[in-house]
A.B. asks: 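Below is the structure I would like to discuss, written out as structure tokens.
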Amino acid sequence: MEAVEKKKRKRLRNIQPSDVILLVMTVLLALMILLPFLWLVLSSLKTNAEYYAQPSPFFSKNPQWSRYTYVFVELSFWRYLLNSIWLAAAGVILNVVSSAFIAYGFSRFRFKGKQTVFLIMLLTMFLPAQVCFIPQFLMFNAYGWVDTYLPILVPQIFGSASSILLVSQFMRGIPREMDEAARIDGANRFTVWWRIILPQSAAVLVVVAISSFLSSWKDSMGPLIYLRSESRYTVPVALMFFQAPDQNSYLMLLTGVVISMIPTLVIYVALQKWMDKGIYVAELK
């Protein structure tokens, strides 16, 4: 016990004033970030009278847990969640695989016009997405793809410029000796990519996957433009139906927003270790 007490005292003596200030600032920043989410959850549990009261109570005396059941079951919010989950999952797979494949070509192959093509790809990052809405809609409408998920998924096959840039920069840091050793053993280019490059790039690919999932999850313009059937609506489009002028619909909207946050929180908590590692390694590269 005396040894433990001595260690504690030694640690306390090693604490610098700057450490205390940094800890206080971190706690305050965390509270500032978490407070809006806490307000959102608590507000979704209030009655109409409590929410619109002046001043509104911080905690509800009669939490409306039944509102979550009503939104999830009676309003079929589960269907919109499933649509968003599978659409985001499919988009993640297409974007990660295609971005990794294209990045492999830019990082490992030498061909005429490579720098020009790479520069053109980077320039697309500065092109506002709104500029492409009308020509893309006319093209997909001519294909008969409106009211399907194809206009949302097909562009993912070609990857995204930001993902390709991040992955290609990471792959350039992988020693080429690994490729050459695999080639000597008889592996072809695809085998090198699949068995050597991809496992080495797992951390940065997780970062790309999470970024792609969040981008697809919060996308409202694509589904709003191309989807017509209510059974195909995603969560962002479904939340628009809760924005009616009556008071009760606004609380329904808050409830739907809280429910829609759950999958993203689960994804982040489950992959936080990989995400932190990927960001750290990508910065080193």
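Predicted model only: the values in this text are computed from it and were never measured. Just so it is clear, the values below take in all heavy atoms, side chains as well, and ignore hydrogens, waters and symmetry mates.
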A.B. asks: Mind checking whether Pro236 and Asp219 have side chains closer than 4.5 Å, heavy atoms only?
C.D. replies: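 In short, these two side chains do not touch, never coming nearer than 4.5 Å.
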A.B. asks: In Å, rounded to the nearest 0.5 Å, how long is the span from CD1 of Ile259 to CG of Leu254?
C.D. replies: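 It is 11.5 Å, given to the nearest 0.5 Å.
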A.B. asks: So, do Tyr149 and Tyr226 sit near enough that their side-chain heavy atoms are less than 4.5 Å apart?
C.D. replies: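 A side-chain contact under 4.5 Å is absent here.
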A.B. asks: To the nearest 0.5 Å, what is the distance between CG on Leu45 and CD on Glu50?
C.D. replies: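 These two atoms lie 10.0 Å from each other.
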A.B. asks: Between Ser84 and Val235, which heavy-atom pair has the shortest distance, and what is it?
C.D. replies: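 Distance-wise, the nearest heavy atoms are OG-N, 2.8 Å.
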A.B. asks: Atom OG1 of Thr234 and atom CZ of Arg79: how far apart are they, to the nearest 0.5 Å?
C.D. replies: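 Going from OG1 on Thr234 over to CZ on Arg79, the span is 13.5 Å.
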A.B. asks: Do Val117 and Met121 come close enough that some side-chain heavy atom pair is under 4.5 Å?
C.D. replies: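 Side chain of Val117 against side chain of Met121, heavy atoms only: no contact under 4.5 Å found.
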A.B. asks: Once you round to the nearest 0.5 Å, how far does CG of Asn48 lie from CD of Gln64?
C.D. replies: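 The CD atom of Gln64 is 8.5 Å from CG of Asn48, to the nearest 0.5 Å.
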A.B. asks: How about Val237 and Tyr80: do any of their side-chain heavy atoms sit closer than 4.5 Å?
C.D. replies: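 No. Closest side-chain heavy atoms not under 4.5 Å.
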A.B. asks: Atom NZ of residue position Lys218 - does it have more than 12 heavy atoms of other residues, nucleotides or ligands inside 6.0 Å?
C.D. replies: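 For Lys218, atom NZ is not crowded (no more than 12 foreign heavy atoms under 6.0 Å).
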A.B. asks: Evaluate the criterion ring-ring contact (aromatic ring centres under 6.0 Å, His included) for residue pair Phe58 and Trp39; output intermediate values, then yes/no.
C.D. replies: CA-CA 8 Å; Phe58 195 72; Trp39 174 88; 9.8 Å; no
A.B. asks: Quick check against the 3.5 Å criterion: does Ser260 have a side-chain atom that pairs as donor or acceptor with the backbone of Val257?
C.D. replies: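 At least one qualifying donor-acceptor pair exists.
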A.B. asks: Can Leu22 be reached from Val24 by stepping across I, L, V, M, F, W or Y side chains whose heavy atoms are under 4.5 Å apart?
C.D. replies: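 They do not share one cluster, since no chain of ILVMFWY contacts under 4.5 Å joins Val24 to Leu22.
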A.B. asks: For side chain to side chain contact (heavy atoms under 4.5 Å, CB included), just list the numbers for Ile164 and Phe101, CA-CA rounded to whole Å, side-chain angles, deciding distance to a tenth of an Å, and then say yes or no.
C.D. replies: CA-CA 9 Å; Ile164 295 172; Phe101 197 76; over 6 Å; no
A.B. asks: In terms of the angle between their ring planes, are Phe190 and Trp194 parallel, tilted or perpendicular, with boundaries placed at 30° and 60°?
C.D. replies: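 Taking Trp194 first and then Phe190, their aromatic rings lie parallel (interplane angle under 30°).
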A.B. asks: Aromatic rings Trp193 and Tyr104: how do their planes relate, parallel, tilted or perpendicular, breaks at 30° and 60°?
C.D. replies: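 Trp193 and Tyr104: tilted rings.
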A.B. asks: Any side-chain heavy-atom pair from Trp78 and Ser76 closer than 4.5 angstrom?
C.D. replies: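 When only atoms from C-beta onward are counted, Ser76 and Trp78 do touch, with a gap below 4.5 Å.
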A.B. asks: Should Val71 and Trp65 be regarded as members of a common hydrophobic cluster, given that ILVMFWY residues are connected when their side-chain heavy atoms come within less than 4.5 Å of each other, either directly or indirectly?
C.D. replies: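 Yes: a chain of side-chain contacts under 4.5 Å links Val71 to Trp65.
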A.B. asks: Would you call Arg189 and Phe109 a side-chain contact if the rule is heavy atoms closer than 4.5 Å?
C.D. replies: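 The answer is yes, as the side chains (C-beta and beyond) meet within the 4.5 Å cut-off.
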A.B. asks: Quick one: closest heavy-atom pair of Asn83 and Trp86, and the distance?
C.D. replies: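 Of all heavy-atom pairs spanning Asn83 and Trp86, the closest is O-CD1, 3.3 Å.
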A.B. asks: Using 30° and 60° as the class limits, which term best fits the ring planes of Trp145 and Phe140: parallel, tilted or perpendicular?
C.D. replies: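 The rings of Trp145 and Phe140 lie parallel, inter-plane angle below 30°.
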A.B. asks: Show the nearest heavy-atom pair for residues Val41 and Tyr68, with the distance to one decimal.
C.D. replies: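 The answer is O-OH, 4.2 Å.
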A.B. asks: Ala100 and Leu205: which non-hydrogen atoms are nearest, and at how many Å?
C.D. replies: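 So the two residues come closest at CB-CD2, 4.0 Å.
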A.B. asks: Could you tell me which non-hydrogen atom of Ile174 sits nearest to which non-hydrogen atom of Arg108, and how far apart they are?
C.D. replies: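 Between these two residues, the closest heavy atoms are O-NH2, 2.9 Å.
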A.B. asks: Once rounded to the nearest 0.5 Å, what's the spacing between atom OG of Ser107 and atom CD1 of Ile102?
C.D. replies: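 One finds 11.5 Å between OG of Ser107 and CD1 of Ile102.
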A.B. asks: Do Asp179 and Ile197 come close enough that some side-chain heavy atom pair is under 4.5 Å?
C.D. replies: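 Answer yes - side chains close enough.
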A.B. asks: Decide yes or no on side chain to side chain contact (heavy atoms under 4.5 Å, CB included) for Arg67 and Tyr70, but give the supporting numbers first.
C.D. replies: CA-CA 5 Å; Arg67 186 177 292 132; Tyr70 179 80; 5.5 Å; no
A.B. asks: Do other residues, nucleotides or ligands put more than 12 heavy atoms under 6.0 Å from the CZ atom of Arg195?
C.D. replies: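 Incorrect, the count does not exceed 12.
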A.B. asks: I'd like to know if the side chain of Lys46 and the backbone of Pro57 have a donor-acceptor N/O pair within less than 3.5 Å.
C.D. replies: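 The answer is yes, because a donor-acceptor pair under 3.5 Å joins these two groups.
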A.B. asks: Could you state the interatomic distance from CD1 (Ile21) to OG1 (Thr26), rounded to the nearest 0.5 Å?
C.D. replies: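 That separation rounds to 11.5 Å.
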A.B. asks: Please test Met178 against Val192 for side chain to side chain contact (heavy atoms under 4.5 Å, CB included), starting from the C-alpha separation and ending with a verdict.
C.D. replies: CA-CA 9 Å; Met178 301 179 67; Val192 171; over 6 Å; no
A.B. asks: Locate the shortest heavy-atom distance separating Asn95 from Ser160; write the atom from each residue and the value.
C.D. replies: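 Taking every non-hydrogen atom into account, OD1-N, 3.3 Å.
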A.B. asks: Please say whether more than 12 non-hydrogen atoms of neighbouring residues, nucleotides or ligands are located less than 6.0 Å from CG in Leu119.
C.D. replies: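 Yes.
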A.B. asks: For the residue pair Phe106 and Phe118, categorise the inter-ring angle as parallel (less than 30°), tilted (30 to 60°) or perpendicular (more than 60°).
C.D. replies: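 Taking Phe118 first and then Phe106, their aromatic rings stand perpendicular (interplane angle over 60°).
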A.B. asks: Stepwise, does the side chain to side chain contact (heavy atoms under 4.5 Å, CB included) test hold for Ser98 with Phe158?
C.D. replies: CA-CA 6 Å; Ser98 59; Phe158 304 96; over 6 Å; no
A.B. asks: Of Thr255, Leu253, Leu251, which is the lone residue that meets side-chain contact (heavy atoms from CB on, under 4.5 Å) with Ser44?
C.D. replies: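 Exactly one pass, corresponding to Thr255.
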A.B. asks: Does some side-chain heavy atom of Ile152 sit less than 4.5 Å from a side-chain heavy atom of Pro223?
C.D. replies: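 Yes, close enough: below the 4.5 Å cut-off.
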A.B. asks: Any side-chain to backbone donor/acceptor pair from Ser229 onto Ser231? Under 3.5 Å, distance only.
C.D. replies: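 No: the side chain of Ser229 does not pair with the backbone of Ser231.
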A.B. asks: Examine distances only and state if a side-chain atom of Ser43 and a backbone atom of Leu40 form a donor-acceptor pair shorter than 3.5 Å.
C.D. replies: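 Checking the backbone N and O of Leu40 against the side chain of Ser43, no donor-acceptor pair under 3.5 Å is found.
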